[in-house]
Amino acid sequence: MRVFADINLRKEGGKPLMADVFLPEGKGPFAVVVCCHGFKGFKDWGFFPLLPAPFTAAGLAVINFDFSCNGTRPG
């Protein structure tokens, strides 16, 4: 699994959106699973860090992200 962590996406003048991208081994294109947490979650908490492994093992790419204003911030 290839990991691209703490990607900071930001619209001009907007709030940041932090994301991690997990790619399976091999050459794409890959289907993508987008993991969206609930009200009190974030991408680095609970079971969310464990989610990518079974999906990437099955040949799927995974994007975990934090919604803007969810109580976390870059760094």
Side-chain angles (χ1 to χ4, degrees):
M1 169 172 42
R2 294 170 286 163
V3 180
F4 302 91
D6 292 329
I7 299 167
N8 186 345
L9 306 172
R10 183 187 300 258
K11 281 187 357 183
E12 186 175 332
K15 303 284 185 190
L17 186 137
M18 298 299 296
D20 297 334
V21 177
F22 303 85
L23 298 176
E25 297 299 327
K27 186 175 179 182
F30 305 109
V32 178
V33 174
V34 179
C35 298
C36 306
H37 59 73
F39 175 66
K40 291 212 161 213
F42 55 98
K43 68 180 181 65
D44 298 321
W45 175 81
F47 63 88
F48 289 101
L50 304 174
L51 277 177
F55 289 110
T56 57
L60 301 168
V62 178
I63 299 173
N64 279 357
F65 73 97
D66 284 333
F67 290 98
S68 297
C69 300
N70 75 326
T72 63
R73 58 180 177 245

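If you read the sequence from its start, that first residue is 1, and numbering goes on from there.
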Would you kindly confirm whether [X] and [Y] end up in one hydrophobic cluster when ILVMFWY residues are joined by side chain heavy atoms under 4.5 Å apart?
{"X": "M18", "Y": "V3", "value": "no"}
{"X": "F22", "Y": "L50", "value": "no"}
{"X": "L9", "Y": "V32", "value": "yes"}

* Kindly give the heavy-atom pair with the smallest separation between H37 and F42, and that separation in Å. =>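 Shortest heavy-atom contact: CD2-CA, 3.7 Å.
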* Please report the shortest heavy-atom distance between F30 and G26, naming the atom on each side. =>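 Looking at all heavy atoms of both residues, the closest pair is CZ-O, 3.5 Å.
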* Sub-4.5 Å side-chain heavy-atom contact between M1 and L23 ->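 Result no, sub-4.5 Å side-chain heavy-atom pair not found.
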* To do: Answer yes or no: is there a side-chain heavy-atom contact under 4.5 Å between D66 and L17?
  =>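 With C-beta onward as the side chain, the pair stays apart.
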Please tabulate, for side-chain N and O atoms in residues 53-63, each donor-acceptor pair with protein atoms closer than 3.5 Å (sequence neighbours left out).
from: T56; atom 1: OG1; to: P52; atom 2: O; distance (Å): 3.1
from: T56; atom 1: OG1; to: A53; atom 2: O; distance (Å): 3.2

* Asked: Just how far is it from atom CG of D20 to atom CZ of F65, taken to the nearest 0.5 Å?
  ->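 Rounded to the nearest 0.5 Å, the CG-CZ separation comes to 11.5 Å.
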* To do: Please name all residues satisfying salt bridge (charged side-chain N to carboxylate O under 4.0 Å, His left out) with D6, sequence neighbours left out, ordered by chain then number.
  =>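 K43.
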* To do: State which residues pass ring-ring contact (aromatic ring centres under 6.0 Å, His included) with F48; sequence neighbours excluded, sorted by chain then number.
  =>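 F48: no ring-ring contact (aromatic ring centres under 6.0 Å, His included) contacts found.
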* Donor-acceptor contact present, side-chain R2 to main-chain P24, <3.5 Å ->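 Yes; at least one donor-acceptor contact below 3.5 Å.
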